[in-house]
2 protein chains.
Amino acid sequence: MTAQPAPARRITRQREAVRDALAASDEFVSAQSLHQSLRAEGSSVGLATVYRALAALAEDGEADALQSGGEVLYRACTPSHHHHLICRRCGRTVELEAAAVERWAGQVAAEHGFVEPEHVVDIFGLCAECAARR
Amino acid sequence: MTAQPAPARRITRQREAVRDALAASDEFVSAQSLHQSLRAEGSSVGLATVYRALAALAEDGEADALQSGGEVLYRACTPSHHHHLICRRCGRTVELEAAAVERWAGQVAAEHGFVEPEHVVDIFGLCAECAARR
DNA sequence: GCGGAAATTGACAATCGTTCTCATCCGCGC
DNA sequence: GCGCGGATGAGAACGATTGTCAATTTCCGC
Ligand SMILES: [Zn+2]
Ligand SMILES: [Zn+2]
Ligand SMILES: [Zn+2]
Ligand SMILES: [Zn+2]
């Protein structure tokens, strides 16, 4: 097995700023918008750094990532595996656990001889509030 | 309601070429690669046109689209609603039907007061053949 | 078969999100 | 405090996708 030389992650003002900004938002946000939020409140962090920090957080399991509308969105999430129910209007997000779906995914993959299965399961809709405001 | 003037779709050599090229492939392909395939076999079609044709096919339900690795992939698919099991190495694809998952998605959305639910459900893995070739 | 309105095409420019480059900076173990 | 190697940031580079617009083609009615 290729024993990764362990990247060795450091603690820096920028990374902390990104982590905090992400934690402060309850919705999925893009690297771009998060970068602007940081700017807005004086915390100066380079755009490239925001991208790197978010990628690192996602890699470390501290954030979930999903692509929607051509861009990648991030959200600080529960460490355990789960899925999302997202309001396509306001971004409100509900974390979902569904053992049945996990089982189904693994089983279907196995039935067709596929190994190392991963899956993408997300539900988009309009939350009650946004639906009422129509 | 803004009564869409109904776009009125026309039949052209280019659109047919794209439709055929897509049908000829059993895997998910990108607009770019499909454009090159067409070029390779003499059928000259502009890149922008390939993008437009694929978008139209997807809109008309004649093709399924999914984003993976920063690009959008298309595949000629069964008209009825279904999901996919995809080999992340060779692209081999299996169409999946899962009434249980459909039910789960709708139910979960309703439980949280979400309306007009849509969902993304895809499973990626390594097909038996690609797994053996490791 | 013709004429003409409307849809379509294609070469190219323009966007857009994201990644790369590289000189400088700085966290951290000693 | 010293030094190594990861981290940062400004801007260039990139690759996918979309917009522009004049020229072309389809299709409908006559
Ligand atoms: Zn909402
Ligand atoms: Zn899952
Ligand atoms: Zn395969
Ligand atoms: Zn479904």
Side-chain angles (χ1 to χ4, degrees), chain A residues 3-22 25 27-60 62-75 91, chain B residues 3-22 25 27-60 62-75 91:
Chain A
Q4 294 285 347
R9 202 137 280 166
R10 288 182 185 172
I11 295 177
T12 67
R13 170 181 68 76
Q14 294 88 332
R15 271 211 227 288
E16 295 296 283
V18 170
R19 190 208 301 284
D20 292 348
L22 194 61
S25 170
E27 315 162 9
F28 271 91
V29 295
S30 67
Q32 307 267 3
S33 65
L34 197 146
H35 175 236
Q36 298 211 309
S37 302
L38 287 171
R39 281 257 152 126
E41 47 184 83
S43 182
S44 172
V45 180
L47 177 58
T49 299
V50 173
Y51 272 101
R52 288 186 286 237
L54 287 174
L57 285 171
E59 200 173 307
D60 295 348
E62 291 193 58
D64 277 3
L66 68 81
Q67 9 186 290
S68 166
E71 61 187 357
V72 181
L73 305 180
Y74 294 89
R75 177 171 187 273
Chain B
Q4 294 285 346
R9 201 138 282 164
R10 288 179 182 174
I11 296 175
T12 66
R13 169 181 68 75
Q14 294 89 332
R15 269 212 231 288
E16 295 295 283
V18 170
R19 191 209 301 284
D20 292 350
L22 194 61
S25 170
E27 314 161 10
F28 272 89
V29 295
S30 67
Q32 305 269 3
S33 66
L34 198 146
H35 175 236
Q36 298 209 308
S37 302
L38 287 171
R39 280 256 152 126
E41 47 183 82
S43 184
S44 173
V45 179
L47 177 57
T49 300
V50 172
Y51 272 100
R52 288 186 286 236
L54 287 174
L57 286 171
E59 198 173 308
D60 295 349
E62 290 194 56
D64 278 3
L66 70 81
Q67 16 185 285
S68 166
E71 61 186 358
V72 180
L73 305 180
Y74 295 89
R75 178 172 186 272

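Letters A, B, ... mirror the listed sequences (proteins, then strands); counts begin at 1.
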Side chain Arg52(A) and base dG9(D) donor-acceptor under 3.5 Å: yes
Distance test, side-chain N/O of Arg15(A) to OP1/OP2 of dT8(D), below 4.0 Å: yes
Value in whole Å for how far the P atom of dT19(C) lies from NE2 of His35(A): 15 Å
Rounded distance in Å - OH (Tyr74(B)) to P (dT17(D)): 7 Å
Close side-chain approach of Glu62(B) to Leu22(B), heavy-atom, < 4.5 Å: no
Which nucleotide in dC27(D), dT8(D), dT17(D) has an atom nearest any side-chain atom of Val72(B): dT17(D)
Touch class at under 4.0 angstrom, heavy-atom based, for Ser33(A) against every strand present: nothing
Leu47(B) CG - dC12(C) P separation (whole Å): 13 Å
Nearest listed nucleotide, side chain of Thr49(A), among dT8(D), dT18(C), dG10(C): dT8(D)
Degree of bending, the helix from dG1(C)-dC30(D) to dC30(C)-dG1(D) (end axes from five pairs; round to 10°): 40°
Nearest-nucleotide comparison on DNA chain D, the residue closer to the 5′ end among Arg13(B) and Glu71(B): Glu71(B)
Close side-chain approach of Arg52(B) and Gln14(B), heavy atoms under 4.5 Å: no
Listed partners of Tyr51(B) passing ring pair (Phe, Tyr, Trp, His ring centres under 6.0 Å), at least two apart: none
First encountered from the 5' end of DNA chain D, between Val50(A) and Arg10(B): Val50(A)
Any Leu57(B) side-chain heavy atom under 4.5 Å of Tyr74(B) side chain: no
dT8(D) phosphate, OP1 or OP2, under 4.0 Å from Thr12(A) side-chain N/O: yes
Side-chain donor/acceptor contact of Arg9(B) with base of dA7(C) under 3.5 Å: no
Whole-Å distance separating the CZ atom of Phe28(A) from the P atom of dG17(C): 19 Å
Glu27(A), CD atom: more than 12 neighbouring heavy atoms under 6.0 Å: yes
Arg39(A) side-chain N/O to dG9(D) phosphate OP1/OP2 under 4.0 Å: no
Closest to side chain of Tyr51(A), choosing from dT26(D), dG9(D), dT19(C): dT19(C)
Side-chain heavy atoms of Leu47(B) within contact of Gln32(B), under 4.5 Å: yes
Sugar-phosphate only, base, or nothing, as touched by Ser30(A) at under 4.0 Å among non-hydrogen atoms: nothing
Pair Glu16(B) + Arg13(B), salt bridge at N-O below 4.0 Å: no
OP1 or OP2 of dT8(C) under 4.0 Å from side-chain N/O of Gln14(B): no
